Protein chains: 2
Amino acid sequence: MSKAEKKKNLDTPTEERLKEAARKVFTQKGYAATRVRDIAAEADINLALVNYYFRSKEKLFELIMTETIQNLFEKIKPIINDETTTLIEKLEAIVDQYIQLLIENPDFPLFIVNELMSGSNKLPIMTDNGKMFFNSHLVKQLTQMHSSGKLKFHPVNIMMNTLGMIIFPFLARPLFLRSGILTPEAFRAIVEERKKLIPVWLTQIINS
Amino acid sequence: MSKAEKKKNLDTPTEERLKEAARKVFTQKGYAATRVRDIAAEADINLALVNYYFRSKEKLFELIMTETIQNLFEKIKPIINDETTTLIEKLEAIVDQYIQLLIENPDFPLFIVNELMSGSNKLPIMTDNGKMFFNSHLVKQLTQMHSSGKLKFHPVNIMMNTLGMIIFPFLARPLFLRSGILTPEAFRAIVEERKKLIPVWLTQIINS
DNA sequence: AATTTAATTAAACAACTGTTTAAAACAATA
DNA sequence: TATTGTTTTAAACAGTTGTTTAATTAAATT
């Protein structure tokens, strides 16, 4: 898109355009490094309208964050609470869904980690959904496997490994690309292949 | 330490005290959220001295970042280039060293994430060390296993899994703790246990 | 002891920050 | 059309930011 073409998209209303611009800038630069003027410029909309529609920078951030996280967990919830599927089937579905989401939003993990670790309790929704997660049918299956002796270590290890193997490549992506170890296409191909590999690996880990 | 006791530690010279304060504040809050005044206050040293000793906030950050990364790779280098050890032995050593480092410095990952988010290749040290890693004996062993057919997928998957399983728990730590899923002690115990578990899991993954 | 150099300080600076204001342009309604 | 409410605008505001200055104190050198 050229500089001129990037200008006002009059099809979408102001509020929505601002929100999308904010989502883009926040995820790229993080909360602290984002200037309200960046958001206004990205949307090509007057600065004052950010506060007019969203009251404050922080309120806008919380809105976007809540929406994003909520959307993520809405996708995961039916998977982890499906009482008809096995543990492995659930993990397969999680891996597939999650990697697909990350392929579409590659800088999402860096964003979450940055906000998560910079301390502020801007994200109560994360811990809320975290609790929901650890009360899920998936976790019940895991703890039962553990107490029955089939799983020989703390169940939380399975979640750590699942999420670690899914998310880490995207965190390290800038490193892989900048160092020339992987091209963007190679990265994409490997991550796509991991959709099938990770469940296999997890199965072996569980049965060890 | 009480407010009074926290005051000037006259044993260590100004420059060193400032650098340590900077390291602490940067790692806790991230680059963008850190104020030079925070650093000066943390060290209980006059604001102007930050610029007097380090020229600018950015220069100070780069100095600390370079030192930290270099220190990390100095520890890893002898492990991954040891020609007398097997692949698994190398991975065992990496897991042990890395987890130990993260236990002692839990918000180290944020530091890295910060650098990764800043986008621009300000720090050639990362890509430099990345290339060093790419040429290591460890990577030679991996690629040889791959080309000989013993490893059935791209070798980079092994590194992704190794680092993912090591680092992810520390990234998600604030979530585990704030949600009450794990106590600090439980987290510590699990991470300690993973020092032995991860190499076992990696062995299974490699032989699949 | 006298002189030069380095370290420290409080204050100021200019640019930048999120937010507000008051007026203008626009849309809806009667 | 006249009136009302809504959206948009440029400008201003007050506070914060990284950085510099000019003066003072401490240390080192002669």
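In what follows, every chain begins at residue 1, and chains take the letters A, B, ... in the order their sequences are listed. Source: prediction; values computed, not measured.
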TODO: May I have the distance from Ile39(A) (atom CD1) to dG18(C) (atom P), rounded to whole angstrom?
DONE: 8 Å

Open item on the list: Just the rounded figure in Å: distance from P of dA11(C) to CG of Asn46(B).
Closed with: 11 Å

Open item on the list: Of the options dA12(D), dT19(D), dT9(C), whose atoms approach the side-chain atoms of Arg37(A) most closely?
Closed with: dA12(D)

Between protein and nucleic acid, restricted to nucleotides 20-24 of chain D and to nitrogen or oxygen atoms under 3.5 Å apart, what atom pairs and distances do you find?
none

TODO: Mind calculating the distance between CG (Leu18(B)) and P (dG18(D)) to the nearest angstrom?
DONE: 14 Å

TODO: Round to the nearest Å and state the distance from Leu60(B) atom CG to dT19(D) atom C1'.
DONE: 14 Å

Identify each donor-acceptor pair in which a side-chain atom of residues 158-170 of chain A lies under 3.5 Å from a protein atom, sequence neighbours left out, and give them as a table.
from      : atom 1 : to        : atom 2 : distance (Å)
Asn161(A) : OD1    : Arg194(B) : NH1    : 3.1
Asn161(A) : OD1    : Arg194(B) : NH2    : 2.7
Asn161(A) : ND2    : Asn157(A) : O      : 3.4
Thr162(A) : OG1    : Ile158(A) : O      : 2.7

Open item on the list: Both Tyr53(A) and Val36(B) contact DNA chain D. Taking the nearest nucleotide for each, which residue is further toward the 5' end?
Closed with: Tyr53(A)

Open item on the list: Restricting to side-chain hydrogen bond (donor to acceptor under 3.5 Å, both in side chains), what partner residues turn up for Thr68(B), sequence neighbours left out?
Closed with: Arg23(B)

Open item on the list: Run the salt bridge (charged side-chain N to carboxylate O under 4.0 Å, His left out) test against Lys77(B) and tell me which residues pass, sequence neighbours left out.
Closed with: Glu74(B)

TODO: Rounded off to whole Å, could you give me the CG-to-P distance for the Asp44(A) and dT8(D) pair?
DONE: 12 Å

TODO: Rounded off to whole Å, could you give me the NZ-to-P distance for the Lys29(B) and dT16(D) pair?
DONE: 13 Å

- [ ] Output all residues satisfying salt bridge (charged side-chain N to carboxylate O under 4.0 Å, His left out) with Glu192(B), sequence neighbours left out; order by chain, then residue number.
- [x] Arg188(B), Lys195(B)

- [ ] State, without any angle test, whether Thr85(B) and Lys90(B) hold a side-chain donor-acceptor pair at a distance under 3.5 Å.
- [x] yes

Task: Glu193(A): side-chain hydrogen bond (donor to acceptor under 3.5 Å, both in side chains) partners, not counting sequence neighbours - done: none

- [ ] Could you tell me the separation between the CG atom of Leu49(B) and the P atom of dT9(C), rounded to a whole number of Å?
- [x] 6 Å

Open item on the list: Is there, by distance only and without an angle test, a donor paired with an acceptor across the side chain of Arg35(A) and the base of dG18(C) below 3.5 Å?
Closed with: no

